[in-house]
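Here the structure is a predicted model, which is why all the values come from computation and not from measurement. The first residue of the sequence shown is numbered 1, and numbering continues consecutively from there. Any value given below was found using the heavy atoms of this structure, including those in side chains, with hydrogens, waters and symmetry copies removed.
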Amino acid sequence: FLNACSEDNCTKHVGMVGIGEATIPDTIMNLDHAQLIVSAMAPNGCWSDLYLDLTENQEFEFSLKAQGTFESCGACTDNIVHKDTIIDFQPTKTGTYLFKIYELPDRILVDTLIVE
């Protein structure tokens, strides 16, 4: 039995994928829970294990990035891989929270959440 995938022509790495949609509430009360609904999207079937990173850059500023595993030994199937995730976010201070949403590695959307 021949293995069609040799180490010479195969690649595997973890990398950034796009965020197709992110829903963040406009306003919540302090100490309430907000649900951040995010859809990660990868361009072809060589991507798997998509997940989201919510990182606090500084007080009141967060980054939201999608990552996945790319593994290929040649052609990739022509289908979009996606994963929907709900992140439970509970702010502990009043103010305006900024979320930098990485739709693509070079395209960032900024959304706000006001905590009263």
Inset, instruction - Would you please test Thr55 and Lys65 for side-chain contact (heavy atoms from CB on, under 4.5 Å) and show each step? - result: CA-CA 8 Å; Thr55 305; Lys65 297 179 182 179; over 6 Å; no
Legend entry - Verdict with supporting geometry, Leu64 and Asp53, side-chain contact (heavy atoms from CB on, under 4.5 Å): CA-CA 6 Å; Leu64 192 53; Asp53 281 331; over 6 Å; no
Inset, instruction - With side-chain contact (heavy atoms from CB on, under 4.5 Å) as the test, would you mind laying out the steps for Val17 and Trp47 before giving the verdict? - result: CA-CA 9 Å; Val17 297; Trp47 289 93; 3.5 Å; yes
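Following chains of ILVMFWY side-chain contacts shorter than 4.5 Å, one cannot reach Ile24 starting from Met41, and the two form parts of different hydrophobic clusters. Hydrophobic clustering, with ILVMFWY side chains joined whenever heavy atoms are under 4.5 angstrom apart, groups Val38 together with Tyr97. Taken together through direct or relayed side-chain contacts under 4.5 Å among Ile, Leu, Val, Met, Phe, Trp and Tyr, Ile37 and Leu113 form parts of separate hydrophobic clusters. Ile87 and Leu98 are members of different hydrophobic clusters when ILVMFWY side chains are connected at heavy-atom separations under 4.5 Å. Grouping the Ile, Leu, Val, Met, Phe, Trp and Tyr side chains by contacts below 4.5 angstrom, directly or via other members, places Met16 apart from Val81.
The side chain to side chain donor-acceptor pair (under 3.5 Å) pairs that include a residue from residues 18-29 number zero, where partners must be two or more places apart or lie in different chains.
Between Phe99 and Phe62, the ring planes lie parallel to each other; the angle is under 30°, not in the 30° to 60° tilted range.
Looking at every heavy atom in both residues, Val14 comes nearest to Gln67 through CG1-OE1, 4.2 Å. Taking each heavy atom of Leu36 and Pro25 in turn, the nearest pair found is CD2-CD, 4.1 Å. Here the closest heavy-atom approach between residue Lys100 and residue Val110 is recorded as CG-CG2, 4.3 Å. Closest non-hydrogen pair, Val115 versus Pro91, comes out as CG2-CG, 3.6 Å. Across Asn30 and Lys93, no two heavy atoms sit closer than the pair OD1-N, 3.2 Å. Taking every heavy atom of both residues into account, Asp84 and Ser39 meet most closely at OD1-OG, 2.9 Å.
Between the side chain of Asn44 and the backbone N or O of Cys76, no donor-acceptor pair lies under 3.5 Å. Ser72 contributes a side-chain N or O that, together with a main-chain N or O of Gly74, makes up a donor-acceptor pair within less than 3.5 Å.
For the atom pair OG of Ser63 and CD1 of Ile101, the computed distance is 10.0 Å after rounding to the nearest 0.5 Å. The CD atom of Gln58 lies 9.0 Å from the CD atom of Glu56; values are rounded to the nearest 0.5 Å. Distance CG/Asp88 to CD/Gln35: 7.0 Å, rounded to 0.5 Å. To the nearest 0.5 angstrom, Ile114 atom CD1 is 12.0 Å from Met29 atom CE. Separation of atoms CD (Glu71) and OG1 (Thr11) is listed at 9.0 Å; rounding is to 0.5 Å.
Within 6.0 Å of the CD1 atom in Ile108, the count of heavy atoms belonging to other residues, nucleotides or ligands exceeds 12.
Taking 4.5 Å as the limit, some side-chain heavy atom of Leu52 sits within range of a side-chain heavy atom of Ile19.
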